[in-house]
Each structure stands twice: as structure tokens, then as C-alpha cells.
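Structure first, commentary second.
Just so we're on the same page: letters track the sequence lines, and every chain starts at 1.
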Number of protein chains: 2
Amino acid sequence: MKYNKDTSEKILENAFEEFGENGYNGARMQSIADRAGINKALLHYYYRSKDALFEIVMKKAFQIMVPKLMKTFNSDDSVCESIEKFVEIYIETIMKHPQIPGFVIHEISNKPDRLVRLIKSTEINFNLLKQKIQKEMDEGKLVQMAPEQLIVNVLALCVFPFMAKPLVTGLLLDGDKKAYKKLIEDRKKEVASFIIRSVKIEEPKS
Amino acid sequence: MKYNKDTSEKILENAFEEFGENGYNGARMQSIADRAGINKALLHYYYRSKDALFEIVMKKAFQIMVPKLMKTFNSDDSVCESIEKFVEIYIETIMKHPQIPGFVIHEISNKPDRLVRLIKSTEINFNLLKQKIQKEMDEGKLVQMAPEQLIVNVLALCVFPFMAKPLVTGLLLDGDKKAYKKLIEDRKKEVASFIIRSVKIEEPKS
DNA sequence: TTTTAGTTTAACTATTTGGTTAATATTAAC
DNA sequence: GTTAATATTAACCAAATAGTTAAACTAAAA
């Protein structure tokens, strides 16, 4: 046999949730075992240690995200077109895996270096993106601003409502969970429009 | 005597830092005691438990933030003017107390209800704000969108770069910490311009 | 100066929790 | 069906750490 695939995946899935909800320090091996309906010793049998398990789960999270996001960067597209695609895919993917932002946020305060290293090891290339933005600004297609500011803005508008879910629901939507889902759903289009209205310079009609 | 004020404040200050640097789960009661130069038992004598201490630290954080934010809401101002003031004060205050977003993040995943209650108990009134935004949209002064979306956007653009500090520094700024400080400093104006360009409808010249 | 109420400490306890071990159950090979 | 390899479990261990206790200290009141 050598390692039951059912079991190993069950562990991974439940570890994903536990780590996502509680962060590395808050997550409990016993709790992961309970979620998966197995004995705690099995976790160590399959994945050796909490740390090792965490690293695999984190890599899995990026394996989900990165390929989808990369598809949205087509070199023929304008920055605005890229933003439209990126925002839609980003929000859609996080809707399916809402643990991911918590996962990242928790690890930022825990082991930021490991996280930075992991992201740098993916195909995501922020320098290329910065250059492309700068070029369009120089060509008068986008409002002048530091490209980093634009990138931060795009990410902020995508991620924040997931991290702040209980606050958005509790403070802005009177606890209405359906309204929250609609708000997120609407953001797939809303966020891109919001950004583009701010940065796009319309070409003068020929 | 009944509780030495020096001691209780010394505890609070050092707890604020310990929780801020390590998060709730990473913080150690012994470490807080050591920082404050007192015996660990005193922590419990003054604040009963780790969770109770954290709750008070959290309240203290809001006592810092809320009055400053409230000053930015002048009923005579337009929504855009309010946003300008709000963003500047928000970013300035968090720059002085960068621990605060971390507290909020922890409480969101740990005791969201308690957090929502805490915020509701302040003078901050999101319903009033929503109405004001809606009114200006109806008057044709702002682009039509759900007021909640605009509020989420403002908060997202303010908070995110603090939470993602190591990522912004490590991935967008080649680890340059001075560049990070400048980026944040610039955002005091940049974020408001970004938002206003997107939502403000210029009045036709009379 | 003695008493008393409140404050602080050193030493201790209980619990939590990541990890191990040795025994048991299951599956596949022969 | 017996054996050998693999998978799973119950019970345990050790370290870390939140929380307690009882004694010692301090300062104000009597």
C-alpha cells in the first residue's frame, strides 16, 4: 500500500481549514485529527510534524491560487483588461477557498520570511507588472501614480472583505449573511470598475 | 490604595506591545511580566486572565482610534471631504500604533461577536454614513454604487498595507524599509485621490 | 508602635499540546 | 489460510505555559 491516499488527502483538507481559521499558532494537531476523524498519531505518521504539515498545506494553497491568477496575465491585454480579469478570478477563487486569506494573514505575523520566499518561488513577477503599468502611464493611458500604489490598491480591494467578513456582515449588513454573499459576488465587477474609473485615461476620439 | 495605577498601566502598555509583536497565541504572560518588570502573578491579580487582559488591550486600542476618527466626520463636509480627512487620520494613527490591525485580525477569527459588540458600542455609526452617501448619490454628486461597497473600499485601502507590510516590503519594494515608510506616508493623500477620482461627479460649471 | 488592608513575590499546580511508542487491525502477497 | 508489510489506534511522555497559593512585604490608619 504505502500511505493511503484517501487518508492523506483528508488530513490535508482538514489541516487547510484548521490552519486557515486559526493560523499556525492557533491550530491544534488534535483538532485537525478530530476534523478528519482519525487518530492524532496518524498526522505524524503521514506528515512528521506540525511544521512540515503546515508547509505542505501552504504550498497547496498557492498551487490553487497561482495558476489561476497567472492565466489572467495575458501580455496582449492592457493593464485595465488585466485588472478586470484578475479581480474576477481572484474573488471567485477565494470564494471557493475562503481559508486562504486567513492563512496568509496569520503567517505574515508569524513567519513572514517563509511566506515571501514561497511567493517569490512562484511564477508571479511583480517587477514585470510594475514595468507594464509604468509604460502605460508614460503613454498617457493611465493616471500617474507609483505602480506599487496601484498594485497595493488592487490587492487591498480584493482581499480585505474576506478578512473582515464578520465585521462587514455585523456592522454594515445587520448580520445578513445573504447580503454578504451578494456584496462579494457584486465585487467581481464592482472592484474593477471602481479602479478603472480612477486610473484609466480615455483615449481622445479619433 | 486599591490597585496601583502605575502598575496597572505598566502592565497594559507592555501587554499592548507583547500582543502586538506576537499576536494573542504567540504572546506569553511571563514575557509581559518580564517587560513590565513585575511578577507574573500580578498580571492575574490585576487582570484575571490572558483573555481578559487582551480584551482590555483591545478596548484601549479603540480608545486611541475612535475619537480621532470621529473628529473627521463633520456633518457640514461632503462625503469626499470626509474621506480625505478620514484616510489621512486613519493612516497617521495606525502608523503610530501599527499593532492595532493585528489585534483586530486576531479578534475577528477568535471572538468576532465580542468585536462587533465593541465597535457598535462606540460612537461610530455606519448607518448614518450609509445614508449620507446615498443622499449624495441621489443628488448626482457621486457615482451610483452600493454605499456598503464604498465604505468597504475606503477601509480596505487604509488597512491592507499595514496588515500586508512584510509582503509589500518583500515583494514590491525589494525589502527596502524606507521605501515602505514612504509608500505609507504617500498613501495619506494618494488613497483619497484614488477614491475621489473614481466616485466624484464634477459639478457642471455654472 | 502596632495593626490592618492592600500589594507583590517565589514556588507550585494543572492543563494544554506536540510528539512518541508499543500494541492492534487491515490488507496484500505467497 | 498464513505471513509479512502497512495502516491505525490507545496510552503515554515531556515541555511549555496559564493560572493559583501562601507567605512576605509595604504603607497608611489607629
Side-chain angles (χ1 to χ4, degrees), chain A residues 1-61 99 102-103 106-107 109-111 114-115, chain B residues 1-60 99 102-103 106-107 109-111 114:
Chain A
M1 252 185 286
K2 199 59 189 174
Y3 292 112
N4 184 331
K5 204 160 189 202
D6 259 29
T7 309
S8 69
E9 275 177 11
K10 205 165 49 178
I11 292 174
L12 233 42
E13 276 167 34
N14 289 285
F16 194 78
E17 303 207 339
E18 175 74 8
F19 283 127
E21 286 169 23
N22 307 99
Y24 181 82
N25 282 317
R28 299 287 165 252
M29 293 299 267
Q30 185 61 60
S31 175
I32 295 171
D34 291 347
R35 282 172 189 256
I38 56 161
N39 187 281
K40 182 165 66 91
L42 257 200
L43 298 183
H44 293 95
Y45 180 69
Y46 276 81
Y47 295 101
R48 204 175 80 257
S49 70
K50 187 182 183 182
D51 211 65
L53 175 56
F54 179 78
E55 200 139 326
I56 293 191
V57 168
M58 187 146 103
K59 282 182 182 158
K60 198 188 153 200
Q99 308 91 351
F103 208 87
H106 281 114
E107 286 337 293
S109 60
N110 198 42
K111 297 206 175 165
R114 177 162 69 175
L115 192 61
Chain B
M1 254 184 283
K2 198 59 191 174
Y3 291 113
N4 184 330
K5 205 161 187 205
D6 258 29
T7 309
S8 69
E9 275 178 12
K10 205 165 48 179
I11 292 173
L12 230 44
E13 275 167 34
N14 288 285
F16 198 92
E17 303 206 342
E18 174 75 8
F19 283 127
E21 285 169 25
N22 306 304
Y24 180 85
N25 285 305
R28 297 288 164 253
M29 294 298 267
Q30 185 62 58
S31 177
I32 294 171
D34 291 347
R35 283 173 187 256
I38 55 162
N39 188 283
K40 181 164 68 90
L42 258 200
L43 298 182
H44 293 94
Y45 180 69
Y46 277 81
Y47 295 101
R48 205 176 79 256
S49 72
K50 189 181 181 183
D51 186 66
L53 176 56
F54 180 77
E55 193 180 352
I56 299 219
V57 166
M58 186 91 193
K59 283 183 179 160
K60 202 187 153 198
Q99 306 92 344
F103 296 161
H106 173 259
E107 199 70 340
S109 60
N110 199 48
K111 305 219 168 151
R114 183 166 80 178

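Whole-Å rounding puts the B/Asp6 CG to D/dA27 C1' distance at 15 Å. Atom OH of A/Tyr46 is separated from atom C1' of D/dT8 by 8 Å (rounded to the nearest Å). Regarding A/Lys5, its NZ atom lies at a distance of 18 Å from the C1' atom of D/dT6, rounded to whole Å. One can place CG of A/Asp34 at 14 Å from P of C/dT16, the figure rounded to the nearest angstrom.
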Original post:
Does the ring-ring contact (aromatic ring centres under 6.0 Å, His included) test come out yes or no for B/His106 and B/Phe54, once each step is laid out?
Top reply: CA-CA 10 Å; B/His106 173 259; B/Phe54 180 77; 5.1 Å; yes
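More than 12 heavy atoms of other shown residues, nucleotides or ligands fall within 6.0 angstrom of atom CZ in B/Arg114.
Using a 3.5 Å distance cut-off with no hydrogens or angles, the side chains of B/Glu17 and B/Asn14 do not pair a donor with an acceptor. A donor atom on one side chain and an acceptor atom on the other are found under 3.5 Å apart for A/Tyr24 and A/Asp51.
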B/S/- along nucleotides 13-22 of chain D (protein heavy atoms under 4.0 Å) is ----SBBBB-
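Within the 4.0 angstrom heavy-atom criterion, no nucleotide atom of any strand lies near A/Tyr47. Nucleic acid contact for A/Ile38: sugar-phosphate only, since backbone atoms but no base atoms lie under 4.0 Å from a heavy atom of the residue.
The only option from B/Glu21, B/Lys40, B/Glu18 that meets the side-chain hydrogen bond (donor to acceptor under 3.5 Å, both in side chains) definition with B/Ser31 turns out to be B/Glu18.
Taken to the nearest 0.5 Å, the CE atom of A/Met58 stands 9.5 Å off from the NZ atom of A/Lys111.
Proximity of A/Asn4 to the phosphate of D/dT6: no side-chain N or O atom is located under 4.0 Å from OP1 or OP2. For D/dT9, neither phosphate oxygen OP1 nor OP2 lies less than 4.0 angstrom from any side-chain nitrogen or oxygen of A/Tyr45.
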